[in-house]
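The structure appears right after this line, and notes come after that.
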Amino acid sequence: QVQLVESGGGLVQAGGSLRLSCAASGRTFSSYTMGWFRQAPGKEREFVAAINWSGGNTYYAESGKGRFTISRDNAKNMVYLQMHSLKPEDAAVYYCAADKNFRGDIHTNSYEYDYWGQGTQVTVSS
């Protein structure tokens, strides 16, 4: 069982930066692929980025390539999403998710993820 708690959301002007954090509980955190998803009002939840258990493999949605960076610190049971050059269309609730995937594969579909946080709101003003 893994519990996830996101933090770091807030209001930022377009062009600004935010770093989201996800604190995970559980002794097996380091074996999970971790992902970030987001959901804007009236839209489906969409994949943002993911990182495999070691941090050696990452994958990004096109929308965030070159602007977002996912990282993890297994010693601290933390996952981060650094976001730069934020746009109004990045505004959403951002969710951290854990994929109990021992092969280390990276998945972009939300149904592949086993545990979810409660989300943190990101608002981008134009």
Side-chain angles (χ1 to χ4, degrees):
Q1 186 77 11
V2 175
Q3 292 185 325
L4 304 172
V5 180
E6 302 95 334
S7 61
L11 173 64
V12 63
Q13 288 188 330
S17 299
L18 278 177
R19 189 177 84 153
L20 305 184
S21 299
C22 174
S25 66
R27 294 177 296 174
T28 58
F29 167 78
S30 61
S31 64
Y32 287 63
T33 293
M34 299 299 296
W36 285 96
F37 289 76
R38 67 186 184 187
Q39 188 167 18
K43 295 188 177 181
E44 293 187 354
R45 190 170 297 189
E46 65 174 1
F47 171 80
V48 176
I51 187 167
N52 74 333
W53 66 273
S54 69
N57 189 18
T58 59
Y59 188 77
Y60 299 90
E62 284 296 325
S63 59
K65 283 184 179 177
R67 300 188 299 126
F68 295 176
T69 302
I70 188 171
S71 61
R72 67 189 298 163
D73 185 338
N74 287 340
K76 296 182 178 179
N77 279 17
M78 296 292 294
V79 179
Y80 306 99
L81 184 68
Q82 179 69 57
M83 303 185 292
H84 295 297
S85 303
L86 283 162
K87 307 173 183 179
E89 51 263 42
D90 293 318
V93 177
Y94 282 71
Y95 298 91
C96 175
D99 174 6
K100 196 168 58 177
N101 166 22
F102 299 111
R103 289 178 51 182
D105 296 335
I106 287 187
H107 297 131
T108 61
N109 291 309
S110 59
Y111 62 78
E112 299 278 6
Y113 288 76
D114 302 286
Y115 304 104
W116 292 83
Q118 83 290 347
T120 185
Q121 178 72 52
V122 172
T123 304
V124 184
S125 63
S126 57

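Along the sequence shown, the residues carry numbers beginning at 1.
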Worksheet item: What do the steps show when you test Gln39 against Tyr95 for side chain to side chain contact (heavy atoms under 4.5 Å, CB included), and what is the final call?
Response: CA-CA 8 Å; Gln39 188 167 18; Tyr95 298 91; 4.2 Å; yes
Fill in: Exercise: do Tyr94 and Arg38 side chains pair donor with acceptor under 3.5 Å
yes
Discussion item. Using 0.5 Å steps for rounding, measure from the CG atom of Asp105 to the CZ atom of Arg103.
Written reply: 4.5 Å
Worksheet item: How many angstroms lie between atom CZ of Arg19 and atom NE2 of His84, to the nearest 0.5 angstrom?
Response: 10.5 Å
Practice prompt. Measure the spacing between OH of Tyr59 and OG1 of Thr108 and express it to the nearest 0.5 Å.
Written response: 6.5 Å
Item to complete: Over all heavy atoms of both residues, which pair between Gly55 and Arg72 is shortest? Give the atoms and the distance, please.
Response: N-CD, 4.0 Å
Discussion item. Quick one, Asn77 with Ser25, criterion side chain to side chain contact (heavy atoms under 4.5 Å, CB included). Give me CA distance, side-chain angles, the key distance, then yes/no.
Written reply: CA-CA 7 Å; Asn77 279 17; Ser25 66; 5.8 Å; no
Item to complete: Walk me through it: do Thr69 and Leu81 pass the test side chain to side chain contact (heavy atoms under 4.5 Å, CB included)?
Response: CA-CA 6 Å; Thr69 302; Leu81 184 68; over 6 Å; no
Discussion item. Tell me which pairs pass disulfide (SG to SG under 2.5 Å) where either residue lies in residues 58-126, with sequence neighbours left out.
Written reply: Cys22-Cys96
Discussion item. Quick check for you: to the nearest 0.5 Å, what is the distance between Lys100 atom NZ and Glu112 atom CD?
Written reply: 13.0 Å
Worksheet item: Would you say Leu18 and Val122 make side-chain contact, with heavy atoms under 4.5 Å?
Response: yes
Item to complete: Check whether any side-chain heavy atom of Gln118 sits under 4.5 Å from a side-chain heavy atom of Val5, and report yes or no.
Response: yes
Worksheet item: Could you walk me through whether His107 and Thr33 pass the side chain to side chain contact (heavy atoms under 4.5 Å, CB included) check?
Response: CA-CA 8 Å; His107 297 131; Thr33 293; over 6 Å; no
Worksheet item: Who pairs with Lys65 by side chain to side chain donor-acceptor pair (under 3.5 Å), at least two apart in sequence or on another chain?
Response: Glu62
Discussion item. With a sphere of 6.0 Å drawn around CD of Glu46, does it hold more than 12 non-hydrogen atoms of other residues, nucleotides or ligands?
Written reply: yes
Worksheet item: Are Met78 and Phe29 grouped together when hydrophobic residues (ILVMFWY) are joined by side-chain heavy atoms under 4.5 angstrom apart?
Response: no
Worksheet item: If we only count heavy atoms from C-beta on, is the Ser17 to Gln82 side-chain gap below 4.5 Å?
Response: yes
Practice prompt. May I ask whether Tyr115 and Phe47 are part of the same hydrophobic cluster, defined by side-chain heavy atoms of I, L, V, M, F, W, Y residues being less than 4.5 angstrom apart, directly or through others?
Written response: no
Discussion item. Within this structure, what is the CH2-OG distance for the pair Trp53 and Ser31, rounded to the nearest 0.5 Å?
Written reply: 9.5 Å
Worksheet, complete the sentence: What one should report as the nearest heavy-atom pair of Leu86 and Phe68 is CD2-CE2, 4.0 Å
Worksheet entry | Where Ala92 and Ala40 come nearest, the two heavy atoms and their spacing | CB-N, 3.8 Å
Fill in: Side-chain heavy atoms of Met34 within contact of Tyr113, under 4.5 Å
no
Worksheet item: Under 6.0 Å from the six-membered ring centre of Phe37 and within 45° of its axis: does the NZ or CZ of Arg45 meet both?
Response: no
Practice prompt. Indicate the atoms forming the closest heavy-atom contact of Ile106 with Asn52, along with that distance.
Written response: CD1-N, 4.0 Å
Worksheet item: Can you tell if the side chain of Tyr60 reaches within under 4.5 Å of the side chain of Ile70, non-hydrogen atoms only?
Response: yes
Worksheet item: Is there a side-chain contact between Thr123 and Val12 (heavy atoms, below 4.5 Å)?
Response: no
Worksheet item: If you look at every heavy atom in Ser126 and Ala14, which pair is closest and at what distance?
Response: CA-CB, 4.3 Å
Worksheet item: Can you tell if the side chain of Trp36 reaches within under 4.5 Å of the side chain of Ile51, non-hydrogen atoms only?
Response: no
Worksheet item: So, for Leu20 and Thr120, which heavy atoms are closest and what is the spacing to 0.1 Å?
Response: CD2-CG2, 4.0 Å
